Enquirer: 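Take a look at the following structure, please.
Just so it is clear: chains get the letters A, B, ... in the order the sequence lines come, proteins before strands, and each one is counted from 1. In this text the structure is predicted, and so the values were computed from the model without any measurement.
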Amino acid sequence: MKKFISLIILTLISLSGFAQKDEFVGFYKGDIVGLSKIPWDLTRTVYGEVYRVKDEYRLRLVGHIFSRCTNYFIKEGLKANDGVINFSGGGRLSVSKGTITPESITIVGKSTKTDITLNMTRYNPPQSTLGQKAPDGATVIFDGTSTDNLEFKGAKPCTLEIVDGAIAIDPKIKGAKDGAVVRSSVYTKESFAGAFKLHVEFMCPADSYHLLGQQRNNSGIYLGDYEVQVLDSFGLESLWDDCGAIYKQVAPYRNACLEPGAWQTYDITFYPAEFEGNKLVKNPRVTVYQNDIKVQHETEIETATAGAASDPDKYKHPNKALKIMLQEHKNKVQFRNIWIEKL
Amino acid sequence: MKKLLAIFLGSIISLSAFATKDEFVGFYKGDIEGFTKLPYAITKTVYAEVYRLGDNYRLRIQPKIMARADTYYLKENLKAKDGKISFEGHSLDFKLSGSITPEELKATGTQGKTKVSMSLKRYSPHIEAMGAKAPKDAIVIFDGKDMSKLEHAGNIPSLWTLEDGAMIAKTDAKNSAGKPMRTSIYTKEAFDGAFKLHVEFRIPTEEYHLLGQKRNNSGVFMGDYEVQILDSFGLESQFNDCGSIYRQSPPYVNACLEPGAWQCYDITFYPPEFDENGKPIKDPVISVYQNGVKVQSDTIVPTTTTGGTERAAKYTHVQGARKLMFQEHTNKIAFRNIWLLPIEK
């Protein structure tokens, strides 16, 4: 029995360990030392990106992050042992001895025939709007203190708990009235007409390294029938259904994702469809900055995004105010600091 | 000797055959039949893309082209035999058995438990901007006949070939000392201020064995800022691929057509701005539509795209009018229908 209890405790510990932010995954940054002149196709400053699937890691060294640039070095299938990941191999930068720790990446290697060293430390890209307060005149949707401006579908009260100023979408949430499980997609009580700026911060928890693609912490921000996708797409080639996409219509221009467990920002500007009488004269447009990076710019939205209308081919843009919705898609994605500024 | 001659002739024939447009490479479009109700993630209309590397073909079936859409079916290392490419087997969403001819792609198989068939025809996307006439106030740079507005560095008159309303880069020029010379071609006129630029280009079909930056490289330069031209058809477009602001901003999607097809760029260029002391106060801004598809939208260009990262790090924007340049990078790129429309302030 004692053994059984300790087994349960061990399992609980390892499960909760799994849900914590991986200590290696994310960005690193540092300068190449040893080259008096930098070759035309290299940068002195190098970024490391550590990505994880299951218990295997992938390291890429690049000249720029968020930019689909060529790799200086890439190595897959790496394993962590005793708190470090060791690696070596060839590439535009070749590595004879490399070590990743949670704080740093150290490399001894060569650029062409010249000996180099490269010491990188943890890097968090700038997020100029992270934690930005709602400007005067803006409508606060969620400031971390109350969910009064939010509701579930059918005007049901939002029963999501606030933890550390954030709400976590909960696929198993029980409704207020009868205690039955409800879909916990969250809607604004207010509807918005006209153009607006929306600021929202989101976090894909670091609990799904075993999953891939659309299964890895899926959610979305719906502007009426138009979805800006939320997904853990860190480290991927971003496709038209990845984070930052106008879902299955327009791929994000770049992969601007941070690692799971990091808070990210969306600054979205939405221009609704324009009508003359009942006649549509202009499709809605949307601009999205993810973590300060432009991932959509005045993107024209031709129809409802997949799943938002029964038949997108026959869809007609409605001429009415819309609600913002944070999608429950079976995952516990978190949201905080949400406000809208009418333009 | 006869034998040697025959080998020699044989290689000339095979070389020239190599240089004609591949009969399979490009897009196909059509419908899937067999579904009573479409699965959530599958569209009825699909596109196939046939890409070639060396003698190997790759087939990809997708719901949309030029969109970084997901892939329904992918088969690599296919070979052409007796005028067709056969493929079969399971991949991603489908199990298929089919064949590709230069005109069509036909396949039957299953998606999950549903029996499906598809019949796709050759597809050339309709490009509204192709052949666009120069507006009344535009400056015609090249109309298909007259090379007088263009010259090489050092005021050398054009050495490029005129053919069927296009000009084709000369790749084997020599300078007065008999050394190989690059023949990038410049406008004689320099342009101040903002403008729209229309240019059509065609990538030759002679480099299926090459990859990356070696596969038919060129570029449209506005002074020190390059919009890259490259045969990037079928690739994941990176920051140095066709449609990129070279090594600064990757194109938003891969909007390339297959080599041998005419393509077009519609570029909007806003030059850097300076204060009264000549100090730059605003970076240039470039938008690019490639074949009618948005690949750059108000992209800020903080520094030059040429000369490597060290030069770029120290570079300051240059005040004054700038020439356009169409790059000769050892490949026989063709250009036609080039005009520039100044944007009034």
Enquirer: Applying a heavy-atom distance below 4.5 Å, give me the residues of residues 212-224 of chain A that approach chain B, sorted by number.
Expert: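 Checking residues 212-224 of chain A against chain B gives no residue, so none.
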Enquirer: Nearest 0.5 Å, what's the NZ-NZ distance between A:K248 and B:K64?
Expert: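 Output value for this atom pair is 12.0 Å.
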Enquirer: Do you know which of B:G308, B:G212, B:P251, B:S297 has the most heavy-atom pairs with chain A at a distance under 4.5 angstrom?
Expert: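 Highest number of pairs under 4.5 Å: B:S297.
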Enquirer: Minimum heavy-atom separation for A:W240 to B:D70, with atom names?
Expert: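 Where A:W240 meets B:D70 most closely, the heavy atoms are NE1-OD1, 2.8 Å.
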Enquirer: Which pair of non-hydrogen atoms, one from A:A251 and one from B:A67, has the smallest distance, and what is that distance?
Expert: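 Of all heavy-atom pairs spanning A:A251 and B:A67, the closest is CB-O, 3.8 Å.
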Enquirer: Using non-hydrogen atoms and a 4.5 Å limit, figure out which bit of A:A306 sits close to chain B: side chain, backbone, both or neither.
Expert: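 A:A306 touches chain B through backbone and side-chain heavy atoms alike.
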Enquirer: Tell me if a side-chain donor or acceptor on B:K294 pairs with a main-chain N or O of A:H297 at a distance below 3.5 Å.
Expert: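 Confirmed, B:K294 side chain pairs with A:H297 backbone.
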Enquirer: Could you check whether any side-chain heavy atom of B:Q248 comes within less than 4.5 Å of a side-chain heavy atom of A:H64, counting everything from C-beta outward?
Expert: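 Side chain of B:Q248 against side chain of A:H64, heavy atoms only: no contact under 4.5 Å found.
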Enquirer: If you compare all heavy atoms of A:S67 against all heavy atoms of B:P250, which two are closest, and at what distance to 0.1 Å?
Expert: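 Smallest interatomic distance, heavy atoms only, reads O-CG, 3.2 Å.
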Enquirer: Any donor and acceptor pair, going by atom type alone, linking the side chain of B:R247 with main-chain N or O of A:D41 inside 3.5 Å?
Expert: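 Side chain of B:R247 to backbone of A:D41: a pair is present.
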Enquirer: With rounding to the nearest 0.5 Å, note down the distance linking CD in A:E298 to OG in B:S287.
Expert: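 Answer for the CD-OG pair, A:E298 versus B:S287, is 9.0 Å.
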Enquirer: Need one label for B:A41: side chain, backbone, both or neither, based on atoms under 4.5 Å from any heavy atom in chain A.
Expert: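 Its backbone and side chain both get close to chain A.
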Enquirer: What part of B:D298 is in contact with chain A, defined as an atom under 4.5 angstrom from a non-hydrogen atom: side chain, backbone, both or neither?
Expert: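 Both parts, backbone and side chain.
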Enquirer: Closest heavy-atom contact between B:T309 and A:L42?
Expert: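 Smallest interatomic distance, heavy atoms only, reads OG1-O, 2.5 Å.
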Enquirer: Inspect the surroundings of CG in B:L92 and state if more than 12 heavy atoms from other residues, nucleotides or ligands are less than 6.0 Å away.
Expert: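 Atom CG in B:L92 is crowded, with more than 12 foreign heavy atoms closer than 6.0 Å.
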Enquirer: If you look at every heavy atom in B:Y252 and A:R68, which pair is closest and at what distance?
Expert: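 The answer is O-NH2, 3.7 Å.
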Enquirer: Under 4.5 Å heavy-atom distance to chain A, tell me which part of B:Q296 shows up: side chain, backbone, both or neither.
Expert: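 Neither part; nothing is under 4.5 Å.
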Enquirer: Using heavy atoms and a sub-4.5 Å threshold, report which of residues 216-238 of chain B line up against chain A, by residue number.
Expert: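 Interface residues of residues 216-238 of chain B: B:E236, B:S237, B:Q238.
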Enquirer: Side chain from CB out, backbone as N, CA, C, O: work out which of these in B:S244 comes under 4.5 Å of a heavy atom of chain A, or both, or neither.
Expert: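 Neither part.
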